[in-house]
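First the structure, in the form of structure tokens, and then the observations on it.
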Amino acid sequence: VAFRLGDWVARGGMYVLLRCPRGHQLVNSLTAGGVFSHDVQRCVACGPTQYILDSASPNITCADCPAGASCNGSALAGKLPGAVWAADWAAGIFLLVSCPPGYYLVNTGASGSFSAAAQDCPACPSSNYCPGGAASLIACPGGGYSVPLSNASSACFLAVFVRVALAMPGANASSFTATMFQQLVQAVAQAAGVEEGRVAVSSVGD
């Protein structure tokens, strides 16, 4: 008998598939977790953007990679340093359980229900603060303002926004480099007598 993939053992007068290689799903029934069927035993490769927790369990299938992770067909790695992922063996997926300060945990889709694919740690937007962990973003009290990635209510402050339009001969959106951007922020901050973190460039037009 020649076997294509996996570890097999003779048991009860038949060969039984015990384990598949990494990145493969063990199939031994017509439906996932169903009644054992000798004739359907095989190892099925996961897709390149999937992962699998255990290639020795027929109850665990290939899972799609969440938004906040990178997958290579077998393993999952979080994109954001400090984010914590934990294996849920009963569900056969990784769960995002904690985000670092300055980021907030998302694990629901458009319907508001849990979505494994939507799990992510987006950066905290301005006018909010994000303590991290399993918390969501929290709006600054009293309509206050905070810079992106704020992680405490102390980062919120009352602000008056002044919109300034500047003419910069020779500069346009396509040629506006990161260095020019930083120099503009520094110049406006110095002219206004405020910290650079309180200057935001909303757009650069031609």
Side-chain angles (χ1 to χ4, degrees), residues 1-125 128-138 148-151:
V1 177
F3 301 110
R4 294 180 180 177
L5 281 175
D7 298 332
W8 298 74
V9 65
R11 180 182 295 166
M14 68 178 74
Y15 283 102
V16 176
L17 177 60
L18 294 181
R19 175 181 291 277
C20 291
R22 285 176 56 86
H24 290 73
Q25 175 183 332
L26 191 157
V27 176
N28 64 7
S29 62
L30 295 176
T31 59
V35 178
F36 173 81
S37 174
H38 170 271
D39 294 343
V40 301
Q41 295 182 99
R42 64 192 187 278
C43 293
V44 179
C46 297
T49 59
Q50 294 184 310
Y51 70 93
I52 187 165
L53 282 180
D54 188 358
S55 291
S57 172
N59 297 321
I60 294 181
T61 60
C62 299
D64 292 333
C65 201
S70 297
C71 303
N72 61 6
S74 61
L76 176 148
K79 293 179 180 177
L80 182 66
V84 178
W85 297 79
D88 182 338
W89 295 100
I93 59 173
F94 273 105
L95 296 178
L96 177 60
V97 297
S98 179
C99 295
Y103 298 81
Y104 63 102
L105 194 149
V106 171
N107 61 8
T108 57
S111 65
S113 57
F114 173 78
S115 169
Q119 296 181 102
D120 197 4
C121 288
C124 198
N128 295 268
Y129 66 96
C130 303
S136 184
L137 74 169
I138 304 170
L149 296 176
S150 294
N151 57 33

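Computed from heavy atoms alone, side chains included, the values below leave out hydrogens, waters and symmetry copies.
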Rounded to the nearest 0.5 Å, how far apart are CD of Gln41 and CG of Leu5?
-> 13.5 Å
Those residues that, when tested against Asn128, pass side-chain contact (heavy atoms from CB on, under 4.5 Å) (two or more places apart) = Cys124, Pro125, Leu137, Ala139
Go through the side-chain N and O atoms of Ser74 and Asn72 and say whether any donor and acceptor fall under 3.5 Å apart.
-> yes
Can you give me every donor-acceptor pair (side chain of residues 43-57, partner residue at least two apart or in another chain, under 3.5 Å) with its distance?
residue: Gln50; atom: OE1; partner: Gly47; partner atom: N; Å: 2.7
residue: Gln50; atom: NE2; partner: Asp64; partner atom: OD1; Å: 3.0
residue: Tyr51; atom: OH; partner: Phe94; partner atom: N; Å: 2.7
residue: Asp54; atom: OD1; partner: Ala56; partner atom: N; Å: 2.9
residue: Ser55; atom: OG; partner: Pro21; partner atom: O; Å: 3.3
residue: Ser55; atom: OG; partner: His24; partner atom: O; Å: 2.7
residue: Ser57; atom: OG; partner: Asn59; partner atom: N; Å: 3.2

Would you list the pairs meeting side chain to side chain donor-acceptor pair (under 3.5 Å) in which at least one residue belongs to residues 94-112, sequence neighbours left out?
-> Ser111-Ser113
What pair of heavy atoms forms the shortest contact from Gln119 to Leu96, and how long is it?
-> OE1-N, 2.8 Å
Output every pair passing ring pair (Phe, Tyr, Trp, His ring centres under 6.0 Å) with a member in residues 55-80, not counting sequence neighbours, ordered by first then second residue.
-> none
Supply the atom-to-atom distance His38 NE2 to Asn28 CG, rounded to the nearest 0.5 angstrom.
-> 11.0 Å
Taking only residues two or more places apart in sequence, or in another chain, which ones meet Pro101 in a side-chain contact (heavy atoms from CB on, under 4.5 Å)?
-> Asn151
Counterpart residues, side-chain contact (heavy atoms from CB on, under 4.5 Å), relative to Ala135 (two or more places apart) = Pro131
Which residues pass the side-chain contact (heavy atoms from CB on, under 4.5 Å) test with Ala117, sequence neighbours left out?
-> Ser115
Please, which pairs that meet disulfide (SG to SG under 2.5 Å) have at least one residue in residues 67-102, sequence neighbours excluded?
-> Cys65-Cys71, Cys99-Cys121
Pairs of donor and acceptor atoms involving the side chains of residues 76-91, under 3.5 Å and at least two apart or interchain, shall be tabulated with distances.
residue: Lys79; atom: NZ; partner: Ala67; partner atom: O; Å: 3.1
residue: Asp88; atom: OD1; partner: Ala90; partner atom: N; Å: 3.2
residue: Asp88; atom: OD1; partner: Ala91; partner atom: N; Å: 3.1

